[in-house]
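Below is one structure; the comments refer to it alone.
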There are 2 protein chains.
Amino acid sequence: MLNKAEKNRNQIVNAASKLFYRQGYEYTSFTDIASESGIPRGNFYYYFKTKEDILDAVIGTRKDNFRKLLDSWNTEFATPLERLHRSLNMLKNSEPEVIRYGCPMGTLNTELGKADHPHRDDARAMFDLFRNWLVEQFQALGRDDADQLAMHLLARTQGITVIAHTYRDPEFIHREAERLHQWLDSLVADYQQ
Amino acid sequence: MLNKAEKNRNQIVNAASKLFYRQGYEYTSFTDIASESGIPRGNFYYYFKTKEDILDAVIGTRKDNFRKLLDSWNTEFATPLERLHRSLNMLKNSEPEVIRYGCPMGTLNTELGKADHPHRDDARAMFDLFRNWLVEQFQALGRDDADQLAMHLLARTQGITVIAHTYRDPEFIHREAERLHQWLDSLVADYQQ
DNA sequence: GTCTATATGTAGATAGAC
DNA sequence: GTCTATCTACATATAGAC
């Protein structure tokens with residue numbers, strides 16, 4: 001049960017997260033967040049000292065949500081291969097948003113990495129969650145090059161989102177996702193030989 | 001031979017291009033461009049009406065330079081396979097900059113694509129240059145899926161730059177570039193069977 | 001806790017002397 | 001063509017009444 005203050009705070013963070021994703025952090029103003037959340041500009045400073053503090057909270061909730069998602073896959077699927085396939089389905093499941101706005105993790109890291117922003121490392125930590133989870137799955141498959149495979153898969157998925165976003169091409173996502181599913185299966189086939 | 005006005009204009013565009021790459025378009029101010037180029041802020045408006053006009057010129061010169069590079073490969077290498085391998089070497093050749101700032105084409109497209117910027121399409125045209133050139137090479141290899149292969153290669157290289165930039169990992173670039181060289185060779189091996 | 005009014009800085013852009 | 005001084009708008013941030 002949330003009290004009113006917590007509810008307001010969440011509204012601000014959710015509106016900010018949505019807008020940071022759709023417009024980018026720098027392009028999003030307090031005025032934008034105010035109209036999206038319905039909470040007056042001036043009130044933000046009761047909940048957050050600075051815009052960066054909002055960014056901090058946004059990254060925090062995104063990490064929480066992603067961690068829960070990864071945990072749910074661990075529970076739901078018995079084998080690492082099934083889990084990995086499930087993780088690839090993220091591409092298809094969020095296809096419309098990816099086409100319009102790119103990858104929420106990737107684009108934020110690109111923006112903050114360029115500017116050498118104080119929150120660059122926090123943004124990267126979103127990737128770390130996925131990277132570490134991938135390493136666990138590849139290790140469970142018995143691969144001793146688990147980290148390299150994890151990085152490779154990360155890069156493949158990021159590349160797909162960048163190009164799909166640039167060209168607004170949904171079909172490309174599906175085609176490349178299929179390639180990745182096949183790549184996963186071929187890894188296991190190699191291993192079983 | 002350039003007159004003084006043309007020289008000044010070039011200095012502005014070159015400074016802007018460098019800063020848009022290193023900091024992003026939105027993070028770069030006229031003050032930044034002034035101190036980088038040595039030309040006073042106020043003078044910009046003699047050469048350009050708006051900041052967007054500078055962006056336009058920056059994209060234009062980047063496209064010109066890239067076109068020349070692609071043409072030089074066409075001249076220098078006899079076979080499409082050699083040309084494709086040469087294009088992959090861009091990753092290694094510009095490794096230090098990619099680590100720090102990402103891909104100049106990719107990150108600009110990501111920024112302008114998010115904001116639905118008026119210059120989104122112009123930025124994408126930089127990718128089109130490379131994409132069309134890749135299609136020509138794959139067609140010359142006799143592939144009827146040339147465009148899909150071109151898009152695939154584009155995505156692979158973009159993914160590598162995003163992850164290498166995020167993790168500031170030079171070794172990753174070299175490892176993944178090597179994978180791509182192998183992938184190219186495997187394509188030709190398939191074809192020759 | 002909430003809201004309005006306002007401070008402060010800096011962005012892009014302009015005017016006009018030289 | 002070049003430069004300084006300045007405008008206007010809007011960004012983040014603050015103060016203080018309620």
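So you know, we letter chains A, B, ... as the sequences are listed, proteins then strands, and number each from 1.
Under the salt bridge (Lys or Arg N to Asp or Glu O under 4.0 Å) criterion, A:Glu176 pairs with A:Arg179, sequence neighbours left out. A search for salt bridge (Lys or Arg N to Asp or Glu O under 4.0 Å) contacts involving B:Arg86 returns nothing, not counting sequence neighbours. When the salt bridge (Lys or Arg N to Asp or Glu O under 4.0 Å) test is applied to A:Lys114, no partner is found at least two apart in sequence or on another chain.
Inter-residue side-chain proximity for A:Phe127 and A:Gln158 is flagged as met; some heavy-atom pair is nearer than 4.5 Å.
Counting any heavy atom pair closer than 4.0 Å across all strands shown, A:Tyr47 reaches sugar-phosphate atoms only and no base atom.
A salt bridge between A:Asp53 and A:Arg9 is absent, with no side-chain N of the basic residue lying under 4.0 Å from a carboxylate O of the acidic one.
Side-chain contact, A:Asn109 with B:His165: no donor N or O sits under 3.5 Å from an acceptor N or O.
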Taking only N/O atoms, report every protein-nucleotides 11-13 of chain D pair under 3.5 Å with atom names and distance.
from, atom 1, to, atom 2, distance (Å)
D:dT12, OP1, A:Lys51, NZ, 3.3
D:dT12, OP2, A:Phe30, N, 2.9
D:dA13, OP2, A:Lys51, N, 2.8
D:dA13, N7, A:Tyr45, OH, 3.4

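Cluster partners of B:Val135, using a side-chain heavy-atom cutoff of under 4.5 Å among ILVMFWY residues and allowing indirect links: none.
Within 6.0 Å of the CZ atom in A:Arg120, the count of heavy atoms belonging to other residues, nucleotides or ligands exceeds 12.
Chain B approaches DNA chain C within less than 4.0 angstrom (heavy atoms of the protein), and the contacting nucleotides run 5' to 3' from C:dA11 to C:dT14.
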